[in-house]
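Following: one structure in structure tokens, then a few remarks.
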There are 2 protein chains.
Amino acid sequence: MDVKVSNSSNADPGSGARRRSDVTRDAILTAARERFAADGYERATIRAIAKDADIDPSMVMRYYGNKEGLFAAAVSIDLSMPDPAALPRHDVGRALVAHFLGMWEENEVLTALLRVGTTNQAGAERMQQVFREQLTPVAQKACPDPEQAPARAALAAAQLLGLALTRYVLRFPPTVALSREEIVAWLAPTLQRYLTAPSP
Amino acid sequence: MDVKVSNSSNADPGSGARRRSDVTRDAILTAARERFAADGYERATIRAIAKDADIDPSMVMRYYGNKEGLFAAAVSIDLSMPDPAALPRHDVGRALVAHFLGMWEENEVLTALLRVGTTNQAGAERMQQVFREQLTPVAQKACPDPEQAPARAALAAAQLLGLALTRYVLRFPPTVALSREEIVAWLAPTLQRYLTAPSP
DNA sequence: CTACGAAGTCAACACTTGTAGGCCAACAGA
DNA sequence: TCTGTTGGCCTACAAGTGTTGACTTCGTAG
């Protein structure tokens with residue numbers, strides 16, 4: 001229950017006291033991310049994760065308290081959205097789609113969160129939080145009326161998540177077959193309209 | 001193993017020999033649909049479904065063989081797409097969005113399939129099949145080059161499934177707050193473009 | 001070197017899961 | 001009425017789950 005806060009991601013060797021166990025902790029997190037991404041919450045068992053990380057299942061409990069704690073620690077998302085002010089307003093749609101495609105392909109955490117979000121309440125809330133905190137600000141800068149930002153961000157999220165769902169989770173063959181350039185070309189005008197066009 | 005084919009959904013009282021157990025079979029299917037929609041595949045246990053249907057878990061096994069058999073029997077989807085020929089080509093986007101919204105709100109099976117598809121291989125394949133067989137023909141009639149129909153249908157599916165995901169599964173508040181009319185107004189042009197516009 | 005705390009191992013727990021098989025009651029045709 | 005079939009319930013099992021606590025090993029400060 002009294003799990004100590006990990007600072008393993010804080011790569012500051014000066015102030016942060018690195019513990020001897022940090023390598024194990026990271027191995028657990030890496031294995032957890034893979035399993036959650038591949039199997040979803042229920043089928044990613046602590047035993048399987050521990051086996052992947054080549055440690056004892058009880059270590060997972062010791063370091064992360066319980067399965068939910070492990071999930072929370074494993075899935076911390078930073079969409080690293082570009083500074084909205086720096087985005088060209090007339091091309092924000094294209095920039096967003098390209099950015100998201102890159103994020104999604106280099107980072108399995110997003111797939112993990114999407115898989116878990118559909119089955120697990122905590123996962124769904126985490127997903128909400130990520131998009132609210134990280135996508136809405138962009139919408140706020142881009143759209144004509146700031147009050148509409150949440151709705152416009154939600155529309156954009158629907159399009160982006162739908163693409164991720166069909167491409168990286170359900171793996172619809174035609175969607176997988178599309179090149180990144182084609183996807184950008186098709187989706188950019190959609191995002192552009194959701195974010196900047198006047199309300200229909 | 002030798003599960004007999006249910007004809008409970010075939011409401012032909014003349015030829016189809018109705019069995020005494022059909023009411024139980026239907027109760028099981030109804031409960032299964034609810035549980036799969038609410039909990040996904042893993043967390044929808046046979047015991048819970050049986051309890052909802054007010055029968056013994058072993059009945060589920062007897063009638064549907066195993067859990068996968070139950071899922072297959074419970075989730076049979078008919079999007080009942082309107083005849084593509086009857087659709088006005090210039091307004092196919094609006095018609096599609098409206099149709100899908102109606103389908104999704106009256107039929108929890110779609111939510112069940114979406115939830116299960118993200119965790120379960122069989123679910124993902126079933127989902128693929130549904131969209132391939134039922135959405136692609138519409139795209140074929142609507143789009144300029146029939147060869148592009150799968151890709152265009154996939155783009156439309158991404159947008160529609162993304163909306164369903166954020167509205168009915170993840171329940172993003174801004175998406176839930178949108179009225180059906182607003183959703184149609186926003187998404188119709190997108191679908192229209194994905195299906196009918198020239199390739200970008 | 002020694003002692004102490006951290007890191008890691010092992011075995012077990014309480015529980016849930018899908019699934020199997022035996023048993024009894026209700027029905028239908030003779 | 002008797003008999004074979006169908007519908008239904010109960011108990012049980014083997015496997016797998018998250019989780020716990022006691023034990024051993026290791027690294028290091030004194």
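Each chain gets a letter, A, B and so on, in the order its sequence line appears, and its residues count up from 1.
Rounding to whole angstrom units, CZ of residue A:R62 and P of D:dT20 are separated by 13 Å. Here C:dA6 presents its C1' atom at 11 Å from CZ of A:R25, a figure rounded to the nearest Å. Per the geometry, NZ belonging to B:K67 stands 4 Å off P belonging to C:dG18, to the nearest Å. Rounded to an integer number of Å, the gap from CG of B:D26 to P of D:dG7 is 13 Å. Residue A:N66 contributes atom CG, which lies 5 Å from atom P of D:dT19 at whole-angstrom precision. Rounded to an integer number of Å, the gap from CE of B:M61 to C1' of C:dT19 is 5 Å. As a whole-Å value, the separation of B:R19 CZ from D:dG8 P is 11 Å. Rounded to whole Å, the distance from CD1 on B:I28 to P on D:dC9 is 10 Å.
The side chain to side chain donor-acceptor pair (under 3.5 Å) analysis of residues 49-61 of chain B, with sequence neighbours excluded, yields the pairs B:R35-B:D52, B:D56-B:S58.
Residues that satisfy the salt bridge (Lys or Arg N to Asp or Glu O under 4.0 Å) test with B:D145, not counting sequence neighbours, are absent from this structure. For B:A73, the side chain to side chain contact (heavy atoms under 4.5 Å, CB included) criterion is met by B:L29, B:Y64, not counting sequence neighbours. Not counting sequence neighbours, the partners of A:R180 by the salt bridge (Lys or Arg N to Asp or Glu O under 4.0 Å) test are A:E105. Take B:T166 and apply the side chain to side chain contact (heavy atoms under 4.5 Å, CB included) test, not counting sequence neighbours, and it matches A:A158, A:L161, B:F172, B:T175. In terms of the ring pair (Phe, Tyr, Trp, His ring centres under 6.0 Å) criterion, B:F100 has no residue partners (sequence neighbours excluded). In terms of the salt bridge (Lys or Arg N to Asp or Glu O under 4.0 Å) criterion, A:R171 has no residue partners (sequence neighbours excluded).
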Exercise for the section: Assign a letter to each nucleotide of nucleotides 24-30 of chain D from its 5' end: B, base within under 4.0 Å of a protein heavy atom; S, sugar-phosphate only; -, no contact. Expected result: ---S---

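Inspection of the B:T136 and B:R152 side chains reveals no N or O donor paired with an N or O acceptor under 3.5 Å.
Of the residues in residues 42-58 of chain A, those lying under 4.0 Å from DNA chain C by heavy-atom distance are A:R47, A:D56, A:S58.
Note: A:F71 and A:Y41 have perpendicular aromatic rings, judged against thresholds of 30 and 60 degrees for the angle between ring planes.
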